[in-house]
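In what follows, a structure is listed as structure tokens, so that the remarks can point back to it.
Chain A is the first sequence line, chain B the second, and so forth, proteins listed ahead of strands; every chain is numbered from 1.
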Amino acid sequence: MSLIETEGLSLFYGNFQALKTISLNIESCRITALIGPSGCGKSTFLRCLNRMNDLIDGVRITGRVAIGGRDIYRRETDLLDLRRRVGMVFQRPNPFPLSVEDNVLFGLKVHGQTDRKILEEKLQRSLEAVHLWDELKDRLKTNALELTGEQQQRLCIARLAALEPEILLMDEPCSALDPIATEKIEALMFELRKRFTIVIVTHNMQQAARVSEETGYFLLGELIEFGETSRIFSAPRDQRTEDYITGRYG
Amino acid sequence: MTGLDRKENFIRAVLLLTAFSAVSVLAVITVFIFAEGTPIMFRRGVGGFLFGLNWYPGEGRFGLLPMIVGSLEVTLGALLIGVPFALACAVVLTEFSSPRLRNILKPVIELLAGIPSVVYGFIGVVVLVPFIRETFGGPGFSVLAASIVLGIMILPTVISISIDALQALPPSYREGALAMGATRWQTVRMVLLPSARSGIVASIILGMGRAVGETMAVIMIAGNAAAVPRTPLDPVRTLTSNIALEMSYASGEHREALFATGVILFVIIMVLNTLANASSSRRARGKRG
Ligand SMILES: Nc1ncnc2c1ncn2[C@@H]1O[C@H](COP(=O)(O)OP(=O)(O)O)[C@@H](O)[C@H]1O
Ligand SMILES: [Mg+2]
């Protein structure tokens, strides 16, 4: 059984079908990359996995999405707990305009943790996990908006790490960062892969090739091909995948 | 010089003149109030004005403390009553209602600001004052009555500016919080309100300015006794009421003392506005990134 399984997943924004019967399995403790031109439904797919699409009016979903063997679209799903277990890193770093400390501890407080000692320990461990502790341990009260873009994105990962989710969804997490910062975030993903299952959307094919073990290629709402990254990039089975990775697309 | 240049220069001159005349009107008013009001303050001693308990203009006694305390009490009361209600309204309208409902209700609330204050005063006299007299005792014309009416009068200001502050927050804050499993209410309380804090503070300060400056409604329902009120049910006179009630017949030193009242009012309002500006410019700086 795979950690994430979707079966015939379709999604409609009103009358527009953004996902067309997507079936794929994502294994745990791996990095899976979703690539494809923009507007092809990668973000939409990602948001199905933590049900963030529920917040958009007029969205209709058919098919099945299971995490850990359980359909997350069942009625009795605890939505708040689902989102604790499936964290999301956004394209633009979006720390809250609060202190570094409040950012990291937000999730824990939201989920009812009040023990001061546990909070302090989690604060340090989460910041250490993203290598921000040494930089920021004397600036825990600084407003997070004063950090650099890369630090902000790390902080966003740290505040998820504090909740120890099973899955990290990353929607083009480096597209607002420069190449050096990107490299550092990629290194971080590599480390975190031991603890979390990571699904990353990227339109940068080199990035997919560098960091991921499996890759799925989306085109116009369809999953064209899915498989081991090295195989996808060396011997794509579908002509359309080949066109895209060799740069002949569009 | 080309024709276009000449036209540009002409327009610039006209605009400059307009801007300058607006500023100079303000300057003239300021100079006038201070020129009329400050001499008596220094002649009689600033302390006597600020801390004197007795306002008997006929006997040449001009203690403004009852009115200063009165203005502060009534304003504080208005904030205690109006602000929680206004913030609740702003939160419900921005976070818990459909855009359609919001687009209907916000203009309606802003319309409240357009109702002449004499109408608020009238409703206060007819409904609120008798109600307070019968329920709590006392004359009914009181700090409480004035606080309630002013609390209602500041609602449009506080609500609409708070709504603007909340709506100006990038959706990514909301998304980030919800994506971590926060409830809507936790998101509001722990992320959105703190993030919009400076805008909300500015809205409260502007509401406060409105409450300090309001005159007509207060005269009608506050009772206007020039004594420091001992309980919220006692009558009270504010700085603005003091000027409005007596200006029509005052002369000589009495008239000067009313201008001195104006000077004090002016200083209070200036301080409030400066605070509001400082707070909203901090917001502008906080928004980058
Ligand atoms: N909230 C929405 N309402 C309507 N259509 C949307 C919405 N979000 C995305 N879409 C449409 O769905 C398609 C897929 O979008 P998206 O998942 O963001 O693509 P990608 O992440 O691959 O660039 C696009 O055509 C986009 O216009
Ligand atoms: Mg996208």
For [X], does the [atom1] atom have more than 12 heavy-atom neighbours from other residues, nucleotides or ligands under 6.0 Å away?
| X | atom1 | answer |
| --- | --- | --- |
| A:Phe12 | CZ | yes |
| A:Ile180 | CD1 | no |
| B:Arg189 | CZ | yes |
| A:Asp115 | CG | yes |
| B:Phe20 | CZ | no |
| A:Arg74 | CZ | yes |
| B:Glu110 | CD | yes |

Using heavy-atom distances under 4.5 Å, tell me whether [X] contacts chain B through its side chain, its backbone, both, or neither.
| X | result |
| --- | --- |
| A:Phe90 | side chain |
| A:Val86 | backbone |
| A:Arg159 | both |
| A:Pro95 | backbone |

How close do [X] and [Y] get, heavy atom to heavy atom, and via which atoms?
| X | Y | result |
| --- | --- | --- |
| B:Tyr173 | A:Phe96 | O-CE2, 3.3 Å |
| B:Arg184 | A:Leu55 | NH2-CD2, 3.8 Å |
| A:Met88 | B:Ala179 | CB-CB, 4.4 Å |
| A:Asn94 | B:Ser172 | ND2-O, 3.0 Å |
| B:Pro194 | A:Leu98 | CB-CD2, 3.7 Å |

- Option in A:Lys109, A:Met52, A:Arg85 with maximal non-hydrogen atom pairs under 4.5 Å from chain B: A:Met52
- Query: Measuring from B:Leu178:CG to A:Arg51:CZ, what's the distance to the nearest 0.5 Å?
  - Reply: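 Rounded to the nearest 0.5 Å, the CG-CZ separation comes to 13.5 Å.
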- Query: Which residues, numbered in order, of residues 77-91 of chain B come under 4.5 angstrom of chain A by heavy-atom distance?
  - Reply: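 Within residues 77-91 of chain B, no residue comes under 4.5 Å from chain A.
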- Message: Let's test your reading of the structure: which of B:Met190, B:Met180, B:Glu175 forms the most heavy-atom pairs below 4.5 Å with chain A?
- Response: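 Option with the greatest count: B:Met180.
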